[in-house]
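Data first, discussion second: the structure below is written as structure tokens.
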Amino acid sequence: MAKEIIRIIGLNKTFHSKQGDVVALKNVDLTIHEGEIFGIIGLSGAGKSTLVRCMNFLERPTEGRILFDDVNLSTLSRKELLHVRRSIGMIFQGFNLLEQRTALKNICYPMEIAGWPKQKMKQRAMELLEIVGLPERANAYPSQLSGGQKQRIAIARALATHPKVLLCDEATSALDPNTTDAILNLLKEINLNMGVTIVVITHEMRVIERICNRVAVIDQSEIVELGEVKEVFLRPRSAIAKQLILPKGEGVAHMAGSRCVRIVFDGMSSFEPVISNMTLECRTPVNILFADTKNIDGKAFGQMILQLPEDEKAIERIKSYLESRGIVYKEETGDVHTANA
Amino acid sequence: MFTPQMLELFGVGILESLYMTLGATLLSYLLGLPLGLLLWVTDKDGIYPVRWLNVMLGFIVNLLRSVPFIILLIAIIPFTRSIVGTSIGSTATIVPLVVSATPFVARMVESSIKEVDAGVIEAAQAMGTPTLQIVTKVLVPEAKPSLITGAAIAVTTILGYSAMAGFAGGGGLGAIAINYGYYRYQTDVMLVTVTLLIIIVQVFQEIGMRITRKVDKRLN
């Protein structure tokens, strides 16, 4: 198992206000490993933004410890903390670029703070502009860039001083679906090529499904579910996870009484006609009740609900076929759908 | 009325008014800019809250802001004399102008800084920026257009104050308007000074707006 990079132990955070105390986080324990893409999902107000701000001590925990790279952040002096923050990049929903600086100067900002020499700074900034795919926009001001371009510059800025971790606070929530996909691809590439650990905060399941290895589901200040994305997707246990993950919509009545399987596509080749092959090989028809799949770079992501034939033998054949192809599935009954109605 | 003597009088008046206004604006900013920044930084929602200092500075600023200029001008005559050596003339007028304008400038600066996006400040903190550098590299540059607009307003306000000082021995166009237009009933002189003041205000305002447009990178 990879080394731990962020470890959160017994974290509590309470905000004091005139209207009384507001509990933002309750007994949070979390370990994030080096090199993974870790997702934190929850509805707005669940406490996920506070959680990510505790990771770089923008918010100080009321109770509990945050270890970054084995260093307990609460033991650090102000100056040491500023130093540690330089190895934790952060990007935001609102991009938060300096409006009066060009793209290039924005990327230079963290290097200026770290006291790099001018020449090295410029060189690194150009290199990052290449990585995020905007070398020709070096001298543009943020007001001249689109949302997606602004986020690319923000990513370049966050990576400038070679951080170990990149925190993404709803980084794609202000972007349209296509731009979101492009930014997620970029994050994935950065994770693969530079080995940067990425923590993603989002309220959108598709963000988790696209890039994360593990996910924590947060609800009403507490982590209610934690595990491999595949596992949580297939067998959501908490009500909130079911609400976030399971397909919404009609067709509820259909399913009652009939036997169904939910298939999760987590990146198998989309060139392979899985369902079609299955019906041919098992010589039995299936009925597709629900499908929400996407083809991303030739890989299939998403889920599908199939109604199975009544014949037990046919069901067995289908199951063993799915298993032989390494496709994850779970048998469902009608009440799954009603659970999130 | 446009005799050479009168023209010279107006010429000197304009120069004195500009001298008092620009001199006082410069000094007010030297004091008011740091004061305004300090007011914002030490505020309870600022980046380095220091409650007692904030309350104290806020109190002093409000105190000075609540004294009308014409009264302050007279009330601090001993102070003015101790600094400049006299209480009459253009240079002496700069002292009460600065005392009166500094708290005003501080509040203008504070409100310009408040316009800086909280997210940008948070990003700077997340990148490990020390407090002083947040001020110099984020707050001031990001608020620059608004600060310049504020300075244009401050200049015209100070020009107005400087004219008032004509009642108590100050120089400039204000003194001309009062001495000739008011005490001697020379309405034409009054009208000329008013016209000149209007032109000066327009010029400052226009210069301020042009610089703002030029430096603000959000408007392209």
Side-chain angles (χ1 to χ4, degrees), chain A residues 17 49 52-53 55-59 76 78-103 105-115 139-145 150 153-154 157-161 163 165-170 174, chain B residues 33 37 40-51 55 109 111-151 208-220:
Chain A
S17 75
S49 279
V52 78
R53 277 165 179 72
M55 291 181 189
N56 61 3
F57 256 49
L58 280 179
E59 293 288 356
L76 298 180
R78 212 181 157 89
K79 210 174 158 191
E80 288 168 327
L81 181 63
L82 293 179
H83 222 267
V84 167
R85 280 194 191 148
R86 288 172 201 163
S87 36
I88 310 175
M90 191 167 185
I91 57 173
F92 305 84
Q93 179 171 6
F95 321 121
N96 297 349
L97 296 174
L98 295 151
E99 297 281 334
Q100 308 292 346
R101 281 181 178 230
T102 60
K105 292 274 179 199
N106 261 288
I107 301 172
C108 287
Y109 179 89
M111 300 183 266
E112 279 172 34
I113 298 303
N139 294 316
Y141 286 94
S143 64
Q144 299 164 317
L145 300 172
K150 283 185 207 175
I153 298 301
R157 182 175 70 172
L159 295 173
T161 49
V165 175
L166 178 63
L167 306 175
C168 309
D169 183 22
E170 295 277 10
Chain B
L33 183 67
L37 289 167
W40 186 88
V41 168
T42 59
D43 186 80
K44 65 179 193 315
D45 298 321
I47 51 173
Y48 200 105
V50 185
R51 201 179 145 68
V55 168
V109 168
S111 97
S112 292
I113 298 294
K114 271 186 186 156
E115 287 168 30
V116 176
D117 184 5
V120 175
I121 297 164
E122 188 180 37
Q125 289 175 317
M127 288 185 276
T129 318
T131 307
L132 187 64
Q133 278 183 305
I134 290 188
V135 173
T136 58
K137 282 184 180 287
V138 180
L139 296 181
V140 174
E142 288 294 297
K144 196 159 70 185
S146 169
L147 287 171
I148 292 168
T149 307
M209 289 307 153
R210 282 195 188 191
I211 300 176
T212 304
R213 267 199 298 274
K214 201 163 158 49
V215 302
D216 194 351
K217 305 304 181 192
R218 290 170 300 185
L219 304 173
N220 297 310

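Order of the sequence lines fixes the chain letters, A, B, ..., with proteins taken first and strands second; residue numbering starts at 1 for each chain.
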Fill in: For the student: nearest non-hydrogen atoms of B/G119 and A/N96, plus distance
O-ND2, 2.9 Å
Practice prompt. Could you tell me which portion of B/P130 (side chain, backbone, both or neither) has an atom closer than 4.5 angstrom to a non-hydrogen atom of chain A?
Written response: both
Response to the item:
Heavy-atom closest pair (A/L98 atom, B/K137 atom, distance to 0.1 Å) is CD2-O, 4.5 Å
Practice prompt. Go through the atoms of B/T131 and report whether side chain, backbone, both or neither lie under 4.5 Å from a heavy atom of chain A.
Written response: side chain
Item to complete: Measure distances from B/V215 to the heavy atoms of chain A and classify the residue's part below 4.5 Å as side chain, backbone, both or neither.
Response: backbone
Worksheet item: What part of A/F57 lies closer than 4.5 angstrom to a heavy atom of chain B: side chain, backbone, both or neither?
Response: neither
Worksheet item: Does A/Q100 offer a backbone N or O that forms a donor-acceptor pair with the side chain of B/E142 under 3.5 Å?
Response: yes
Discussion item. Donor-acceptor check, side chain of A/R85 to backbone of B/Q125, threshold 3.5 angstrom: yes or no?
Written reply: yes
Fill in: Contact origin within B/K144 toward chain A - heavy atom pairs under 4.5 Å
neither
Worksheet entry | A/I88 versus chain B, the contacting section by heavy-atom distance below 4.5 Å | backbone
Worksheet item: Which one, A/E112, A/M90, A/K79, leads in non-hydrogen pairs under 4.5 Å with chain B?
Response: A/E112
Discussion item. Taking side chain as everything from C-beta outward and backbone as N, CA, C, O, which of these in A/L167 sits under 4.5 Å from a heavy atom of chain B? Side chain, backbone, both or neither.
Written reply: neither
Worksheet entry | Region of B/A118 that comes under 4.5 Å of a non-hydrogen atom in chain A | neither
Worksheet item: Which pair of heavy atoms, one from B/G128 and one from A/R86, lies closest together, and at what distance?
Response: O-NH2, 3.2 Å
Practice prompt. I would like to know whether B/V120 and A/E99 meet side-chain contact (heavy atoms from CB on, under 4.5 Å); could you show each step before the answer?
Written response: CA-CA 9 Å; B/V120 175; A/E99 297 281 334; 5.6 Å; no
